*Asks:* 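Structure incoming, see below.
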Amino acid sequence: MKIRNVAIIAHVDHGKTTLVDQIIRQSKIKDNVKISSMDSNEIEQERGITILAKATSVTYGDYRINILDTPGHADFGGEVERIMRLVDGVILLVDAKDGVMPQTKFVLRKALEADLKPIVVINKMDRPFADPRRVVNQVFDLFIDLGASEEQLEFPIIYASGLSGLASLTEDISEVSDMKALLDTIVNYIPGPKIEDGILLFQPSLIDYNDFVGRMGIGKVFRGTIHVNDMAKVIRSDGSTENFRIQKLYRYNGFSKEEISEAHSGDIVALAGLSDIHVGDTITEINSTETLPLIHVDEPTVQMMFLTNNSPFAGKEGKFVTPTKLEERLMKETLKDVSLKVVRKQGEEAWLVSGRGELHLSILIETMRREGFEFLVSRPKVILKENDGVLSEPYEEVTADVPNEHVGSAMELLGSKKGRLIKIENGMNETRLVYHMPSRGLIGFMTDFLTVTKGFGVLSHIFLGYEPYIQDLSLSRKRGAMISMSEGYTTAYALFHLEDRGDFFVEPREHVYEGMIVGINNKETDMVVNVVQEKKLTNMRSATKDQTVVLKRPIEMSLEACLDFIDDDEYVEVTPKSIRLRKIYLKAIDRKRQNKIDSMAE
């Protein structure tokens, strides 16, 4: 059977996963395909985004088309970079209304650098205000800006609606009833994999797990043939080797894996038999010393500290709380996520975890939380570097789609974070603003941006590079924290009498401890409050009748909102049941002492 290996790449929410679902449905592998069935991860389904790259395969005539679905968010760009080695072509999806977005530029640059053949799909043609001609012109401009060759500029264009399962060679998709045009283009335009006989070379780019066989490496057979029960050798990035027996081979077929006895050059398969197989390892024959090039992934730009939980409530809600378990889990994550870096602080129960962005790290935190881990995390910080003796910080290209009536407020906010306006594009109802700004300015920025745009603004960003550090960029929040002065259960009486001082995160009868942040102060300074105070009861009759206490609803803080809110002297306490905010030093006297030490050091 002839093989075609192709990856689907695009900006977040441009319809990659939905398109793959429709291809699987129309290939008759499975009729009752739900929308976004490829997003099998629980967090992916909740958030409606793809986090992990996934492999699938469909049969079309005499061809087997291996399809790799990739994440669209910039923070998971490491997943995209890894799979470029596996495929011979890419389907670049672009929204017919939104057009070219920051991540579109990133994924296309990686595809062109890998010399892959592109097919451009203008998706969501059934959207209101779809403008495919404008979008096609944007795509051509993007190809030219990224230095595409003349051959790469001769890309075919498909017009599609992934949701309806339609694909056409013309803008009028109402004349077609299926996605045959896209599948024909893949078969005719994307070249087949290079078939090489000789000594086996296999390299995993993704890691999967199976309860029966353990860890599996998903990758491509670059050369030779691989058989079940063969003895093979793994050559790791540090040069160490290990011999093992190939226990199982799996080939993807729709949403399932089918067991096979052998795989040939050009095949994308899952291999089991090595308990600690890693991304980028070379699997070869026992007598061979030849290795494949290591998979290059861009360096992380954001870091935060993970610590064992030392709050008064430590160990009450979590299943895994010891430093050994925490370190083991973090190191396990680095084995499958090559864009994540973990370093333990010497002599402390703390780990410096570096990733590609806030979302990248918050997804790791949420995953660990659901697995039963309990720990503390610090405020995210950007990773600074020295370039030619000059202190430099990461910069991002920020694209903001803002309703026309809120453009002034959005520009003022972006300017306050030291953003440089690059381009303005006026639309019918909204304006697109393109800025270059420090990554530091984006930490905690989303809440303010949604506030000034009344919730209608859309923000996306992508890493540009390092530029000289800006000294006068203020990142401290405008309002202080309300801190509990003692442990106990909050009372409606206490909260009612403190309501005019700020907004609370807690409800009555909620267990709090000294040093825990229970709300936001209306003023810039922190304030210690007594939220556990109870009404004094006497045998004297009150002159007025008791009134029912009516409280405002507390602010519900998601994990991302907590990470955005905290300052340098605060932690987020993460447990399977709760997310709490707290000061690093729980006692007021310790905080005063530390502030004095910090002021003397300055």
Side-chain angles (χ1 to χ4, degrees), residues 4-26 35-39 44 48-51 53-56 58 65-74 76-77 79-80 83-84 87 89-112 114 116-127 130-143 146 148 152 155-169 171 173 176 179 181-186 189-190 399 458 460 462:
R4 294 291 182 268
N5 296 327
V6 63
I8 298 187
I9 57 175
H11 186 78
V12 65
D13 201 32
H14 277 199
K16 298 176 296 301
T17 305
T18 309
L19 191 80
V20 176
D21 291 341
Q22 288 289 359
I23 290 173
I24 293 171
R25 180 186 285 127
Q26 294 188 18
I35 296 300
S36 298
S37 299
M38 288 288 287
D39 289 341
E44 289 179 323
I49 59 172
T50 301
I51 296 169
K54 299 175 190 69
T56 187
V58 297
I65 303 174
N66 292 317
I67 303 171
L68 289 143
D69 182 24
T70 65
H73 200 285
F76 307 108
E79 296 279 322
V80 180
I83 66 162
M84 291 300 175
V87 297
V90 293
I91 298 171
L92 178 70
L93 234 65
V94 187
D95 192 299
K97 177 181 177 291
D98 294 343
V100 170
M101 297 291 277
Q103 183 70 356
T104 314
K105 186 184 295 184
F106 170 79
V107 293
L108 181 60
R109 182 188 290 119
K110 295 296 179 185
L112 295 178
L116 301 175
K117 283 224 171 186
I119 296 172
V120 173
V121 175
I122 309 299
N123 195 29
K124 302 190 181 182
M125 287 292 293
D126 48 355
R127 275 190 77 177
D131 190 353
R133 294 185 184 181
R134 172 182 62 85
V135 173
V136 168
N137 288 333
Q138 285 183 353
V139 173
F140 268 111
D141 292 343
L142 179 61
F143 269 79
L146 295 177
Q152 287 171 327
F155 55 81
I157 301 172
I158 305 292
Y159 301 90
S161 167
L163 196 61
S164 304
L166 304 174
S168 171
L169 296 171
E171 292 180 18
I173 61 169
V176 294
M179 307 197 80
L182 175 59
L183 294 168
D184 286 339
T185 306
I186 293 172
Y189 183 74
I190 301 294
T399 301
V458 177
S460 54
I462 190 162

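From a predicted model like this one, the values you see are computed outputs, not experimental measurements. Sequential numbering from 1 along the given sequence is applied to the chain's residues.
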*Asks:* Can Ile67 and Val6 be said to form a side-chain contact (heavy atoms from CB on, under 4.5 Å), step by step?
*Replies:* CA-CA 5 Å; Ile67 303 171; Val6 63; 4.1 Å; yes
*Asks:* Looking only at heavy atoms, which two atoms of Met125 and Glu171 are closest? And how far apart?
*Replies:* CE-O, 3.4 Å
*Asks:* Which residues pass the side chain to side chain contact (heavy atoms under 4.5 Å, CB included) test with Leu169, not counting sequence neighbours?
*Replies:* Ile158, Ala181, Thr185
*Asks:* Can you name the side chain to side chain contact (heavy atoms under 4.5 Å, CB included) partners of Val136, sequence neighbours left out?
*Replies:* Ile122, Phe140, Ile157, Tyr159
*Asks:* Could I get the full list of side chain to side chain contact (heavy atoms under 4.5 Å, CB included) partners for Ala130, not counting sequence neighbours?
*Replies:* Ala96
*Asks:* Within the structure provided, determine whether Phe155 and Leu92 are in side-chain contact (heavy-atom separation under 4.5 Å).
*Replies:* no
*Asks:* Considering residues at least two apart in sequence or located in another chain, which fulfil the side-chain hydrogen bond (donor to acceptor under 3.5 Å, both in side chains) criterion with Ser161?
*Replies:* Asp126, Ser164
*Asks:* Under the side-chain hydrogen bond (donor to acceptor under 3.5 Å, both in side chains) test, which residues partner Lys97, sequence neighbours left out?
*Replies:* none
*Asks:* Supply the atom-to-atom distance Gln22 CD to Leu163 CG, rounded to the nearest 0.5 angstrom.
*Replies:* 7.0 Å
*Asks:* Applying salt bridge (Lys or Arg N to Asp or Glu O under 4.0 Å), name anything that partners Arg134, two or more places apart in sequence or on another chain.
*Replies:* Asp131
*Asks:* To the nearest 0.5 Å, what is the distance between CD1 (Ile24) and CG (Leu19)?
*Replies:* 10.0 Å
*Asks:* Drop me the distance from Arg4's CZ to Ile190's CD1, to the nearest 0.5 angstrom.
*Replies:* 8.5 Å
*Asks:* So, taking the atom named CD1 in Ile91 and the one named CD1 in Ile186, what distance separates them when rounded to the nearest 0.5 Å?
*Replies:* 3.5 Å
*Asks:* Mind listing the closest non-hydrogen atom pair of Ala160 and Ile173 along with its distance?
*Replies:* N-CG2, 4.3 Å
*Asks:* Strictly distance-based, threshold 3.5 Å: is any side-chain N or O of Asp95 a donor or acceptor partner for the main-chain N or O of Lys124?
*Replies:* no
*Asks:* Can you see which heavy atom on Leu112 is nearest to which on Ala148, and at what distance?
*Replies:* CD1-CB, 4.0 Å
*Asks:* Output all residues satisfying side chain to side chain contact (heavy atoms under 4.5 Å, CB included) with Asp184, sequence neighbours left out; order by chain, then residue number.
*Replies:* Tyr60, Lys180, Asn188
*Asks:* Looking at side-chain heavy atoms only, is the closest gap between Ile23 and Leu182 below 4.5 Å?
*Replies:* yes
*Asks:* Minimum heavy-atom separation for Pro118 and Pro156, please, with both atom names.
*Replies:* O-CD, 3.6 Å
*Asks:* Could you tell me which residues satisfy side-chain hydrogen bond (donor to acceptor under 3.5 Å, both in side chains) with Asn66, sequence neighbours excluded, listed by chain and number?
*Replies:* Asn5, Ser57
*Asks:* With sequence neighbours left out, write down each residue that passes salt bridge (Lys or Arg N to Asp or Glu O under 4.0 Å) with Lys105, or none if nothing qualifies.
*Replies:* Glu397
*Asks:* Sequence neighbours excluded, which residues qualify as side-chain hydrogen bond (donor to acceptor under 3.5 Å, both in side chains) partners of Ser168?
*Replies:* Thr170
*Asks:* Any chance you could measure Leu116, atom CG, to Leu108, atom CG, to the nearest 0.5 Å?
*Replies:* 10.0 Å
*Asks:* Judged by atom type as modelled, is there a donor-acceptor pair below 3.5 Å linking the side chain of Gln138 to the main-chain atoms of Val100?
*Replies:* yes
*Asks:* Using every non-hydrogen atom in the two residues, find where Gly162 and Asn123 come nearest and quote the distance to one decimal.
*Replies:* N-OD1, 2.9 Å
*Asks:* Can you find a pair of side-chain heavy atoms, one from Arg127 and one from Asp98, that are under 4.5 Å apart?
*Replies:* yes
*Asks:* If I take atom CG from residue Asp141 and atom CG from residue Leu146, how far apart are they, to the nearest 0.5 angstrom?
*Replies:* 11.0 Å
